[in-house]
Protein chains: 2
Amino acid sequence: MLERSHLAIIAAVDARGTLTEAATSLHLSQSALSHAIRKLEHQLGTALWEKEGRLLRLTQAGEQMLLLAKRLLPQFEHTEQLLKQFARGQRGALRIGMECHPCYQWLLKVITPFLSEWPDVDVDVKQKFQFGGIGALFSYDIDILVTPDPLRQSGLLYTPVFDYEQVLVVHNEHGLAHKTYVVPEDLIDETLISYPVERERLDIYSEFLSPAKCVPKEHKEIEATNIMLQMVAAGRGVAALPKWLVEEYAQTMPIRGVRMGKQGIAKQIFLGIRRSDESLAYLAGFIELAGRVQTSLK
Amino acid sequence: MLERSHLAIIAAVDARGTLTEAATSLHLSQSALSHAIRKLEHQLGTALWEKEGRLLRLTQAGEQMLLLAKRLLPQFEHTEQLLKQFARGQRGALRIGMECHPCYQWLLKVITPFLSEWPDVDVDVKQKFQFGGIGALFSYDIDILVTPDPLRQSGLLYTPVFDYEQVLVVHNEHGLAHKTYVVPEDLIDETLISYPVERERLDIYSEFLSPAKCVPKEHKEIEATNIMLQMVAAGRGVAALPKWLVEEYAQTMPIRGVRMGKQGIAKQIFLGIRRSDESLAYLAGFIELAGRVQTSLK
DNA sequence: TGAAGCCATGAGTATTTCTCATAGATTGAT
DNA sequence: ATCAATCTATGAGAAATACTCATGGCTTCA
């Protein structure tokens, strides 16, 4: 069987010209190389070099093998480099799953520095999962999950990266705009705008309206955050969004965030990964970076 | 160091699905494969598979390596095939050197069947040598030499393949055309046409004219055999060529061959090869074929 | 002709790779 | 749940392989 070491031998001999030098460059004794060549030629049933005195001339078989060596050796080396990077976690593909719609804005702030810190790691963001975010993690559709529900489970590892308050967004001139906080009953006559997900997963229902058995007059679903805010700014309804996000948009739009309930709705975002990926450097890097971005938003 | 065997392993596991089956297909015990993988993964510093129970899923590093395996393994196999053919002498390049101008016609009759008997062997014919035919053999410019002078020399091997008589070619109606044989003095008033080589290498001089201290009236040199014969047919001179060749052309041209001297000039053509190439099957094949063609020309 | 450099070879050692035997894990059927 | 079948992991010893050392022959060049 032709082995990589054989290719290395023929390439080294070609490069150095003599067996002795080739042996040195291969970190072998001259004797070892001589034995190796003898054995290889015997196995192949053909000489690789014609040896006239001390002159080496490749036979046709040797030429073929040298050709192969020059073609394959660089590929071996390249893949070894890649594998080394994988081993150090310096290279890979990071597939991020999102279970938190408004976090998209925040995610962009993490991804940008990440891409420049990890130039060899590709990033992809997925938002739809057949079996939920955790299912996507377990089925290797994603490598990291951005979620507000850290469903503890063996095999997964969650890191909190992001605390914020969920507030009600209203138009500047809205009747509720200047209250210290709103109560569920305030929304009975309002049009609520939300992302298109099941109500159980909307905090404004599960933590605010539903406990008080209130429902808004109307409920519209909109996918894009800025369109949602355009609607609010146009006085066409109210929405529930992270406070930091509202404050950002408030600089250019006539909108305002108002606390929901006396305590407000406190939220926390977690990053979940498979425990088996814990040692991947770029995953750790991503989580670390996410923690840094968090503080600048508080 | 990534080895071919490692590529074979990852490819076999990919193809068979389980380590046990892969081991069988590699003619290894399950244990050996397990040890090999363990060691490889340890060397690389990264796992190649995630093992969930008995399910194997390639890691990113494993994917890379499988990619490499699928690219390189066929190339290894192809080259091994080639080398096997070289070893059996079934493939190669046969470079033929010619030191016998008129033999070109004969050579064509050998090459044609040779090419079909040895479809994997390429043929090239060379006629000019910086250091003579033997030098060309020794310097590996050619692999086989067609020559009338078997200069015995250690390292070379000659095989006679071809006996013929060198005759004088004259026009049908030429005064010498009907003699049983010509003598040197007959040529004193003739124009001799020959290939452009040194006179010592022309038999008509060395074996016929020179011993009798005769020279022809004029001597013209022409490279192409059929042009030479056109000249003869036009009555512009006489030439010395193999009898069989003259007979062939005589069917369509008004020319005739006449014996030179009472005994005629007997010639023999040899094929010379390097002794180190003696075992090359296609060389032996060529020589054998050359022998067969000879008989049909006698 | 001798010195230096190169290659081949045999013998012994070191290392690697394999097998055998065994045990733990997982899967699927009863 | 239990059992059988199948798969994988591991340790230990055996077999095979690869390497080094020591040496000698050959080639080249001054």
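So that the names make sense, note that chain A is the first sequence line, chain B the second, and so on, each numbered from 1. The figures that follow rest on heavy atoms only: side chains count, while hydrogens, waters and symmetry mates do not. Here the structure is a predicted model, which is why all the values come from computation and not from measurement.
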In whole angstrom, what separates [X]'s [atom1] from [N]'s [atom2]?
| X | N | atom1 | atom2 | answer |
| --- | --- | --- | --- | --- |
| A:Leu19 | C:dA8 | CG | C1' | 10 Å |
| B:Glu3 | C:dT16 | CD | C1' | 12 Å |
| A:Arg16 | C:dC7 | CZ | P | 13 Å |
| A:Leu33 | C:dG5 | CG | C1' | 16 Å |
| A:His42 | C:dA8 | NE2 | P | 15 Å |
| A:Leu40 | D:dA18 | CG | P | 11 Å |
| A:Leu56 | D:dT27 | CG | P | 14 Å |
| A:Met1 | D:dA18 | CE | P | 12 Å |

Residue B:Lys39, side-chain heavy atoms: nucleotide from C:dA8, D:dA18, C:dT17 that is nearest: C:dT17
Would you tell me if any nitrogen or oxygen in the side chain of [X] comes within less than 4.0 Å of OP1 or OP2 on [N]?
| X | N | value |
| --- | --- | --- |
| A:Lys51 | D:dC26 | no |
| A:Arg38 | C:dT9 | yes |
| A:Thr20 | C:dG5 | no |

Expected output: side-chain A:Gln60 to main-chain B:Ala93 donor-acceptor under 3.5 Å: yes
side-chain hydrogen bond (donor to acceptor under 3.5 Å, both in side chains) between B:Glu50 and A:Tyr140, worked out: CA-CA 11 Å; B:Glu50 300 274 347; A:Tyr140 282 73; 3.3 Å; yes
Below 3.5 Å is the cut-off: list the nitrogen or oxygen pairs between protein and nucleotides 20-27 of chain C, distance only.
from	atom 1	to	atom 2	distance (Å)
C:dC20	N4	B:Ser31	OG	2.5
C:dT26	O2	B:Arg54	NH2	2.7

N-O pairing of B:Lys84 and B:Glu80 below 4.0 Å: no
Under-4.0 Å salt bridge between B:Lys126 and B:Asp141: no
Touch class at under 4.0 angstrom, heavy-atom based, for B:Leu28 against every strand present: sugar-phosphate
Touch class at under 4.0 angstrom, heavy-atom based, for A:Ser34 against every strand present: base
Pick out which of [options] makes a side chain to side chain contact (heavy atoms under 4.5 Å, CB included) with [X].
| X | options | answer |
| --- | --- | --- |
| A:Val293 | A:Ile111, A:Val110, A:Val161 | A:Val110 |
| B:Asp143 | B:Val123, B:Ile273, B:Leu94 | B:Leu94 |
| A:Leu40 | A:His42, A:Arg38, A:Gln43 | A:Gln43 |

Inter-end axis angle, the helix from C:dT1-D:dA30 to C:dT30-D:dA1, with every axis fitted to five base pairs (rounded, 10 degrees): 30°
A:Arg201 NZ/CZ over A:Tyr195 ring centroid, <6.0 Å and within 45° of normal: no
CG-CD1 distance between B:Asp149 and B:Ile134, expressed to the nearest 0.5 angstrom: 8.0 Å
